[in-house]
Protein chains: 2
Amino acid sequence: MKFSKQREMILNQVLNYPIHPTADQVYTALKTDNPNLSLGTVYRNLNLLSEMGMLMKIRIADGSDRFDGRTDDHYHMVCERCSKVYDVELDTMKALKSCVSDKYGHALTEITLTLKGVCAACTSCTPQTE
Amino acid sequence: MKFSKQREMILNQVLNYPIHPTADQVYTALKTDNPNLSLGTVYRNLNLLSEMGMLMKIRIADGSDRFDGRTDDHYHMVCERCSKVYDVELDTMKALKSCVSDKYGHALTEITLTLKGVCAACTSCTPQTE
DNA sequence: AAGCATAATAGTAATTGTTATCAGTATTAT
DNA sequence: ATAATACTGATAACAATTACTATTATGCTT
């Protein structure tokens, strides 16, 4: 496996701007200074880096996938108003995992949890997006 | 709101064959006896019936949406081998909901939880799909 | 039962997010 | 420096879903 400039740029973009960006957001951010960067390259590398465990892929049921430089055990909440993605620590998820395998005999390999709602900031303010 | 034959057929198909079908599965099943049924009609009605609360839409992050005639509080597990969708009762999810709003101040409006893995049947057998 | 307003349909085209293809280019080991 | 090959950019392909529109069905009114 070779390490190209593009791959390094893409990884750093996710690490340095931890906004849980989509592939397109990464692409747009880097495009300005690298006009011939290709969207396919961004997708390919984000997926590769996720498989290698250097990034976490956040799958959102009704939206684009997002990517997270933080790879330890945590979950996400998507605000419907400002559409930001927030980290969420959930001890109950550990209990849930063992509960499911005990009760149903399912061997879990992946848990996709998407919490949607209105975040604290948006709740206390006027709507930012509508 | 008018109640067309198509809408009734589509609803009954989901209610009578509780396999958590995709829009395309509903379409294919009904198409044989109704050759000029349109896929768009199936999508439109499944979504409408879900909004009306007569069906539950199951959003799967990396696959097609599925529909469930059972609309009470429960979750789903998708088997990676046989790709069936199983109902899962999770008391911990109630705890999770109040936990999230208490701890983060997020008002939750929708929870999409997709459990992936290998179901009990597939675990005890030879792989059915690969 | 006939007429009428309108909601719903079939068929098609458009959209969106993502992946595949492939000729040319960059990277790394020798 | 050279050679092997992994990677890139550009474009096409793809799958799931939604939008569009002329036509048809539904249900109300009389």
Side-chain angles (χ1 to χ4, degrees), chain A residues 1-14 19-52 54-68 76 78 83 85 110 112 114 116, chain B residues 1-14 20-52 54-68 76 78 83 85 110 112 114:
Chain A
M1 186 182 204
K2 298 170 183 174
F3 222 76
S4 64
K5 295 205 165 189
Q6 289 88 336
R7 181 165 301 159
E8 195 176 10
M9 274 175 12
I10 289 163
L11 175 58
N12 284 334
Q13 183 67 26
V14 178
I19 57 161
H20 309 90
T22 62
D24 199 69
Q25 284 178 311
V26 172
Y27 172 69
T28 304
L30 296 174
K31 186 76 173 175
T32 337
D33 290 330
N34 309 270
N36 46 0
L37 177 67
S38 174
L39 181 58
T41 300
V42 175
Y43 270 105
R44 192 172 348 98
N45 281 297
L46 288 173
N47 283 329
L48 261 169
L49 292 164
S50 297
E51 279 165 35
M52 292 167 60
M54 303 180 73
L55 295 179
M56 179 192 269
K57 187 174 185 172
I58 311 171
R59 306 187 125 156
I60 308 224
D62 60 339
S64 304
D65 293 339
R66 290 167 170 274
F67 295 86
D68 194 349
H76 299 91
V78 185
S83 74
V85 177
E110 184 188 334
T112 304
T114 311
K116 295 200 117 188
Chain B
M1 187 184 207
K2 298 172 182 174
F3 221 77
S4 64
K5 295 206 165 190
Q6 289 89 336
R7 181 165 301 160
E8 195 178 9
M9 274 175 12
I10 289 162
L11 176 58
N12 285 334
Q13 184 67 24
V14 179
H20 309 92
T22 61
D24 199 70
Q25 285 178 312
V26 171
Y27 172 70
T28 304
L30 295 174
K31 186 76 173 174
T32 338
D33 290 330
N34 309 271
N36 47 1
L37 176 67
S38 175
L39 182 58
T41 301
V42 175
Y43 270 104
R44 189 171 355 93
N45 281 295
L46 287 174
N47 284 329
L48 260 170
L49 290 164
S50 297
E51 278 165 36
M52 290 166 61
M54 303 181 74
L55 295 179
M56 180 192 269
K57 186 173 188 173
I58 310 171
R59 307 187 125 156
I60 308 222
D62 61 340
S64 305
D65 293 339
R66 290 169 169 274
F67 294 87
D68 195 348
H76 299 91
V78 184
S83 76
V85 177
E110 184 188 334
T112 303
T114 310

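Everything numeric here is computed off the predicted structure, so don't read it as measured data. The analysis underlying the following values was restricted to heavy atoms, covering all of them including side chains, and did not include hydrogens, waters or symmetry mates. So you know, we letter chains A, B, ... as the sequences are listed, proteins then strands, and number each from 1.
For the ring pair (Phe, Tyr, Trp, His ring centres under 6.0 Å) test, residues two or more places apart in sequence or in another chain that qualify with His20(B) are His76(B).
Heavy-atom contacts of chain B under 4.0 Å fall on DNA chain D between two terminal nucleotides, which in 5' to 3' order are dA16(D) to dG27(D).
The nearest heavy atom of DNA chain D to Met1(A) and to Asp24(B) marks one nucleotide each, and the one closer to the 5' end goes with Met1(A). Projected onto DNA chain D by closest heavy-atom contact, Leu48(A) and Arg66(B) fall at different nucleotides, the more 5' of which corresponds to Leu48(A).
Between Lys57(B) and Asn47(B), the closest side-chain pair of non-hydrogen atoms falls below 4.5 Å. The side-chain heavy atoms of Asn45(B) and Leu11(B), taken from C-beta on, include no pair separated by under 4.5 Å. The closest side-chain heavy-atom distance from Arg7(A) to Leu48(A) is below 4.5 Å. In this structure, the side chains of Arg66(B) and Gln25(B) come closer than 4.5 Å at one or more pairs of heavy atoms.
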Strand DNA chain D as a dot-bracket string - pairs counted if Watson-Crick or G-U with both distances under 3.5 Å, | where the partner lies in another strand: ||||||||||||||||||||||||||||||
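Within the nucleic acid shown, Thr41(A) comes within 4.0 Å of at least one base atom, counting heavy atoms only. Within 4.0 Å of Asn47(A), counting heavy atoms only, lie sugar-phosphate atoms of the nucleic acid but no base atom. Residue Asp65(A) is classed as a sugar-phosphate contact, given heavy-atom separations below 4.0 Å to backbone atoms only.
Contact detail for Ser50(B) and Met56(B): the closest heavy-atom pair is OG-C, 4.3 Å. The two atoms that bring Asp68(B) and Val14(B) nearest to each other are C-CG1, 4.0 Å, heavy atoms only. Between Thr114(A) and Ala61(A), the shortest heavy-atom distance links the atoms OG1-N, 4.2 Å.
Atom CG of Leu46(B) is separated from atom P of dA8(C) by 15 Å (rounded to the nearest Å). Counting to the nearest Å, the P atom of dT9(C) and the CG atom of Leu30(B) are 12 Å from each other. If you take CD of Glu51(A) and P of dT19(C), they are 10 Å apart, rounded to a whole angstrom. Distance CZ (Arg7(B)) to P (dT6(C)): 17 Å, rounded to an integer number of Å. Rounded to whole Å, atom C1' of dA10(C) lies 16 Å from atom OH of Tyr43(B). Between Ile60(B) atom CD1 and dG17(C) atom C1' the separation is 18 Å, expressed in whole Å.
Summarising the geometry, atom OG1 belonging to Thr32(A) is positioned 8.0 Å from atom CG belonging to Leu30(A); distances are rounded to the nearest 0.5 Å. The distance from atom CD of Glu8(A) to atom NZ of Lys5(A), rounded to the nearest 0.5 Å, is 8.5 Å. The distance from the CZ atom of Phe67(B) to the CG atom of Leu46(B) is 4.5 Å, given to the nearest 0.5 Å.
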Please produce a list of atom pairs where a protein N or O lies less than 3.5 Å from an N or O of nucleotides 21-27 of chain C.
{"unit_1": "dT27(C)", "atom_1": "O2", "unit_2": "Lys2(A)", "atom_2": "NZ", "d": "3.0"}

Evaluation steps, side-chain contact (heavy atoms from CB on, under 4.5 Å), between Ile60(A) and Asp62(A): CA-CA 6 Å; Ile60(A) 308 224; Asp62(A) 60 339; 3.8 Å; yes
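Applying a 4.0 Å cut-off to non-hydrogen atoms, the residues of residues 31-40 of chain B that approach DNA chain C are Asn36(B), Leu37(B), Ser38(B), listed by residue number.
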Distance-only donor-acceptor pairs under 3.5 Å for side chains of residues 37-44 of chain A, two or more places apart:
{"unit_1": "Ser38(A)", "atom_1": "OG", "unit_2": "Gly40(A)", "atom_2": "N", "d": "3.4"}
{"unit_1": "Thr41(A)", "atom_1": "OG1", "unit_2": "Arg44(A)", "atom_2": "NH2", "d": "3.4"}

